[in-house]
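A quick write-up on the structure given underneath.
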Protein chains: 2
Amino acid sequence: MKRGTSRDIRTANRYEVLRQIIAASPTSRQELAAATGLSLATVATLVGELLDLRMITEVGFEDSAGGRPRGLVAVNASGGALIGVDIAETYVHVELFDLGLNVLARAEEDVRPGESLPEQVVGHVAAAVGSVVAQAGIEGARVLGVGVSVPGQVDRATGFSEYAPNWDWHDVPLLDLLTEHIAYPLYLDNPLRASAVAELWFGAARGSGDAVVVNLGTGVGAGLVLGGGLHRGVSNSAGEWGHTTIVLDGRLCRCGKHGCVEAYVGASGIMLTLRELSADSPLLHPEDQTATIDALARGLRGRDPVALKVLRDTVRYLGAGIADLVNLFNPEVVVLSSWVAAALGEPLVTEVREAVARHALPRPMAATEVVLSPIPTDPVCLGAATFALEGALQSVGQRQPKRTAAHVRSRTAPPS
Amino acid sequence: MKRGTSRDIRTANRYEVLRQIIAASPTSRQELAAATGLSLATVATLVGELLDLRMITEVGFEDSAGGRPRGLVAVNASGGALIGVDIAETYVHVELFDLGLNVLARAEEDVRPGESLPEQVVGHVAAAVGSVVAQAGIEGARVLGVGVSVPGQVDRATGFSEYAPNWDWHDVPLLDLLTEHIAYPLYLDNPLRASAVAELWFGAARGSGDAVVVNLGTGVGAGLVLGGGLHRGVSNSAGEWGHTTIVLDGRLCRCGKHGCVEAYVGASGIMLTLRELSADSPLLHPEDQTATIDALARGLRGRDPVALKVLRDTVRYLGAGIADLVNLFNPEVVVLSSWVAAALGEPLVTEVREAVARHALPRPMAATEVVLSPIPTDPVCLGAATFALEGALQSVGQRQPKRTAAHVRSRTAPPS
DNA sequence: AGGGGTTAGGAAAGGGGGTTTACGAAGTCT
DNA sequence: AGACTTCGTAAACCCCCTTTCCTAACCCCT
């Protein structure tokens, strides 16, 4: 069991202060102290560190009721760039961010079904990363790091993709492969945790001690924020919620089991529900999940009865599943994230809220909010970039190696 | 969000050292340092603190390969007593422990169906507590605290039992009621968390960063140990796993919903499974859960086909449910606890292990063990007593109020 | 019996972290 | 210009753990 050291406190506080600055830029030290609960002195030293790192800059002053004006600090947008890579089943999506986590450049490469060899995927990543750097006209030196999200289980220590369900990858040394093409510091993890970190830093989980980020996409998962930090589990695979059994002996899931949550509320599960309900529905675009979900979303806005029924059926499962998470974790907030949630939007949350309230125990439920992710862009890219940001911030605390006191040893010729 | 302070580190280390001493008493400072990963100096000061508290004593020496002998310390059994109270649906069970957490006295009171008013239950508790103190012949002053476990949701801050499902209690000021009868420091929580803490301190979760303690009794729940500590959630109701939906529209549960885990793997769920399978089975003792489960356990030992079938059916649900927990938390260990698990014993774990391995994802599963609770006595009493122990240790860190420097003020009459 | 050698354990120093207190800096108000 | 206010840094302080140094306590050997 790893014990916590006092340095972890410092790191957490540094994160917290930077989060706050990014969220409310520009801001004053006073405001930061109030928001973080730290003392003014601590905030001042942390702000000093971030200024030294050129991650933030002083941007003027603000009147203070009659006294010395407050100095304002803001994110130093040009102080560096972060790259987030979202490797998914059918595409590689790359975004380049400034330090305010604004998107400066985007690139997307399609991964065709035949091209799923690790080398091919890495090729796409390298090309897209090259592209965003070129687009943004950034000098390479300013890229602080590249976060890479890859589906499945990832071992962060070794940089192996232990298992990627869609491509049947097993123990691929992904980090090594990427290192050959990309010269920036690399941080590897999976989309579940990426979007959870994105919510933790910039989204609906900011400031929450405990939050559950429910990812609704092609795959389904739950990023767990516990005690103000990401819960990884003992082998970095916590959060695999998609294959939770919700209907014993139910629908066959692509994982081979029956009745998984994902088989009902994942994109293809929703498509199946639609097909079962109305096989020739105009909403249905076989072979195209995105189009179908978009059509469904339009249908909901137009109060199309089939679309409403599909939503209701889906939420029947989703609501029960999320209620289980609420009972189990008793979180402050449940965030619905990923592209299916973004597409279905308000109608989805409204239904989910109601269903969860019906299924969950009253007491935990009373303390929990269910919200849509407020992140406007791809949360996985943002989260991946956040891993890079955390990495860059982590290395601040590192003490430089001690000077070897060589001269002390030279006693062979003592002074007379 | 509460920030961690450096004092929390100290508290955690104090816990860790005491845990280790209790587990391997007598032991040396050297051994403690090795086991906890702390430096010798830190261990020495912590041991010093515990000696000052009279929680441990020096009990002699041990040869060290040729040098100064190691001093040995052991729990000071007579240094104090802890009381654990397990309030359950039909009984109040109280145990008095020495500081080595050995049971010195027991008392049990039956709570008859009509007697479920808070005052009546509190009366039983007070009587039983009085009884164990008398039995053990302990002076009152030596009781360091009383931990009380009460089913349902408990607000530790206010000492209210917010909701107790079996008795329809709502917002009962239980702590206040208990305080009127019991003069010792009181610590209130629920059985789920009590048995989780018991495993964390003395059972199978010792030294685990992440563990799930699955409680199989009349009720069903999961105590969550995350990051080496108990996870409580935002309103102290995390771990409500019993009412997780495992069969959509399945069996009616006493909570009013359908298809809850508890409806299948709780004691009465198991009884129902048995009744459905063989309504006139000799194993079945209607109206008596304990007798039925015991009969079932005997049946398993005798390889009775009906008993085996009941076990297999139960594990079908339980295995799926636990597999979900494994996927979600990726814990180091899953502990099966509470009286049903204890009664069914090895046959149960063996089946569960197999079922979980079948249902869970391979990667999280590879890192997880499924074990039976090694705690021989009532884990809820033990856990409740542990809350009292933690409470007693907590107050160590409290700084005594600063001496008011009164003499400094008396400048009115300065010395000539 | 009286030195080495070895190991345990305590005391002091050192490096982190956060907070409180004191004070100079930089404005406004009279 | 001087008084008042408020910001922000510097210094002192407390807590935590570790490293280093030194003494205590025992063995063995001469």
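Below, each value reflects all heavy atoms present in this structure, side chains not excepted, and no hydrogens, waters or symmetry copies. First the proteins, then the strands, lettered A, B, ... as listed; each starts at 1.
- Between the C1' atom of dA3(D) and the CZ atom of Arg68(A) lies a distance of 18 Å, rounded to the nearest Å.
- For the pair Glu31(B) CD and dG9(C) C1', the computed distance is 16 Å after rounding to whole Å.
- Distance Leu40(B) CG to dA11(C) P: 14 Å, rounded to the nearest Å.
- Asp8(B) has its CG atom 15 Å from the C1' atom of dC14(D), to the nearest Å.
- In this structure, Phe61(A) and Thr42(A) both approach DNA chain C, and ranking their closest nucleotides by distance from the 5' end singles out Thr42(A).
- The nearest whole Å value for the distance from the CD atom in Glu58(A) to the C1' atom in dT9(D) is 12 Å.
- Checking the phosphate oxygens (OP1, OP2) of dG18(C), a side-chain nitrogen or oxygen of Asn13(A) falls inside 4.0 Å.
- Picking from dC17(D), dG9(C), dG27(C) the nucleotide with the shortest atom distance to the side chain of Arg10(B) gives dC17(D).
- When the C1' atom of dG27(C) is taken as reference, atom CG of Asp63(A) falls 9 Å away, rounded to whole Å.
- Looking at Thr42(A) and Ser39(A), their side chains do bring a donor and an acceptor atom within 3.5 Å of each other.
- Between the side chains of Asp210(B) and Ser208(B), no donor-acceptor pair is found at a separation under 3.5 Å.
- Contact check, Ser6(A) against dG17(C): no side-chain N or O comes under 4.0 Å of OP1 or OP2.
- In this model, the phosphate group of dT7(C) is not approached by any side-chain N or O of Gln30(B) to a distance below 4.0 Å at OP1 or OP2.
- Residue Ala41(A) is classed as a base contact, given a heavy-atom separation below 4.0 Å to a base.
- The heavy-atom pair separating Val197(A) from Glu390(A) by the smallest distance is CG1-OE2, 4.2 Å.
- For the OP1/OP2 pair of dT9(D) and a distance below 4.0 Å, the side-chain nitrogens and oxygens of Arg29(A) include at least one atom meeting the criterion.
- Judged by distance alone, the side chains of Tyr15(B) and Gln20(B) never bring a donor and an acceptor atom under 3.5 Å apart.
- The two atoms that bring Val154(A) and Asn236(A) nearest to each other are O-ND2, 2.9 Å, heavy atoms only.
- Mapped onto DNA chain C by nearest heavy atom, Leu72(B) and Thr45(A) fall at different nucleotides, with Leu72(B) at the one closer to the 5' end.
- Residue contacts shown for Gly48(A) are absent, as no nucleic acid heavy atom lies under 4.0 Å away.
- The separation between Leu38(B) atom CG and dT19(D) atom P is 11 Å, rounded to whole Å.
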